[in-house]
Amino acid sequence: MQEPSYQEKIWQVVAMIPEGKVATYGQVAELAGLPRMARAVGRTLSQLPKDTQLPWFRVINAQGKISFPSDSSAYLRQRERLEQEGISLINGKIRLKDYQWNP
DNA sequence: TCCTTGACGGAGA
DNA sequence: ATCTCCGCCAAGG
């Protein structure tokens, strides 16, 4: 059997993030067994098909912010998905203390 | 092949 | 809170 690609490990972790919770890129990398490879997570998510079932929107950066320009449509799409599950943004930031996933 | 980019992050100052 | 520097490394030019 072959080793799962790093993308597969990342997909696996993202799929486990529960509704109403968020995880940071670094946290996903860590849980996927890829410490210090937060960028690999961002890269992987950027390559997901538009119709993916993966809850990519539950992944935010360590500052508790959405990693897209606040004036982009991508930013809006993610913010709306999050608010739909009860995650609120205060001054553009999510309070990790309240919403971060603790597996 | 070399150089730059990038859905990032932590340590310092 | 803000900024810089550095680590990481796949992809694209």
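We name chains A, B, ... by the order of the sequence lines, and we start the count at 1 in each one. Predicted model only: the values in this text are computed from it and were never measured.
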Side-chain atoms of residues 26-42 of chain A: list all donor-acceptor pairs with protein atoms under 3.5 Å, sequence neighbours left out, distances to 0.1 Å.
from: A/Q27; atom 1: OE1; to: A/T24; atom 2: N; distance (Å): 3.2
from: A/Q27; atom 1: OE1; to: A/Q100; atom 2: NE2; distance (Å): 2.9
from: A/Q27; atom 1: NE2; to: A/W101; atom 2: O; distance (Å): 2.8

Mind running a 4.0 Å heavy-atom check of residues 52-79 of chain A against DNA chain C and sending the residues that fall below it, in number order? none
Donor-acceptor contact below 3.5 Å, side chain A/E8 vs main chain A/S5: yes
If the P atom of B/dA7 is compared with that of C/dC6, how far apart are they to the nearest Å? 22 Å
For the atom pair CD (A/E19) and CD (A/Q84), what is the distance rounded to the nearest 0.5 Å? 9.5 Å
Check every nucleotide of DNA chain B for an atom under 4.0 Å from a heavy-atom of chain A, then give the first and the last such nucleotide from 5' to 3'. B/dG6 to B/dG10
Measure the spacing between OG1 of A/T44 and NZ of A/K9 and express it to the nearest 0.5 Å. 11.5 Å
Which atom pairs, donor and acceptor, lie under 3.5 Å between side-chain atoms of residues 48-61 of chain A and protein residues at least two apart or in another chain?
from: A/T52; atom 1: OG1; to: A/L54; atom 2: N; distance (Å): 3.1
from: A/R58; atom 1: NE; to: A/E85; atom 2: OE1; distance (Å): 2.9
from: A/R58; atom 1: NE; to: A/E85; atom 2: OE2; distance (Å): 3.4
from: A/R58; atom 1: NH1; to: A/I17; atom 2: O; distance (Å): 2.9
from: A/R58; atom 1: NH2; to: A/E85; atom 2: OE2; distance (Å): 2.9
from: A/N61; atom 1: OD1; to: A/Q63; atom 2: N; distance (Å): 2.9
from: A/N61; atom 1: OD1; to: A/G64; atom 2: N; distance (Å): 3.3
from: A/N61; atom 1: OD1; to: A/K65; atom 2: N; distance (Å): 3.0
from: A/N61; atom 1: ND2; to: A/K65; atom 2: O; distance (Å): 3.4
from: A/N61; atom 1: ND2; to: A/S67; atom 2: OG; distance (Å): 3.1

Heavy-atom contacts under 4.0 Å between residues 89-103 of chain A and DNA chain B, which residues? none
Is there a path of hydrophobic side-chain contacts, each under 4.5 Å between heavy atoms of I/L/V/M/F/W/Y residues, joining A/L89 to A/L76? no
Salt bridge (Lys or Arg N to Asp or Glu O under 4.0 Å) contacts touching residues 88-102 of chain A (sequence neighbours left out): none
When you measure from every atom of DNA chain B, which of residues 20-33 of chain A have a heavy atom less than 4.0 Å away? A/T24, A/Y25, A/G26
Could you give the distance from CG (A/L45) to CD (A/Q47), rounded to the nearest 0.5 Å? 9.5 Å
For nucleotides 8-13 of chain C, give me one character per nucleotide, 5' to 3': B if any protein heavy atom sits under 4.0 Å from the base, S if the only such contacts are to the sugar-phosphate, - if neither. BBSS--
To the nearest 0.5 angstrom, please state how far the CD1 atom of A/I94 sits from the CG atom of A/L82. 5.0 Å
List in chain and number order the residues that pass side-chain contact (heavy atoms from CB on, under 4.5 Å) with A/S72, two or more places apart in sequence or in another chain; answer none if no residue qualifies. A/F68, A/P69, A/A74, A/Y75
Going by side chain to side chain donor-acceptor pair (under 3.5 Å), name the residues that satisfy it together with A/S88, two or more places apart in sequence or in a different chain. A/Y99
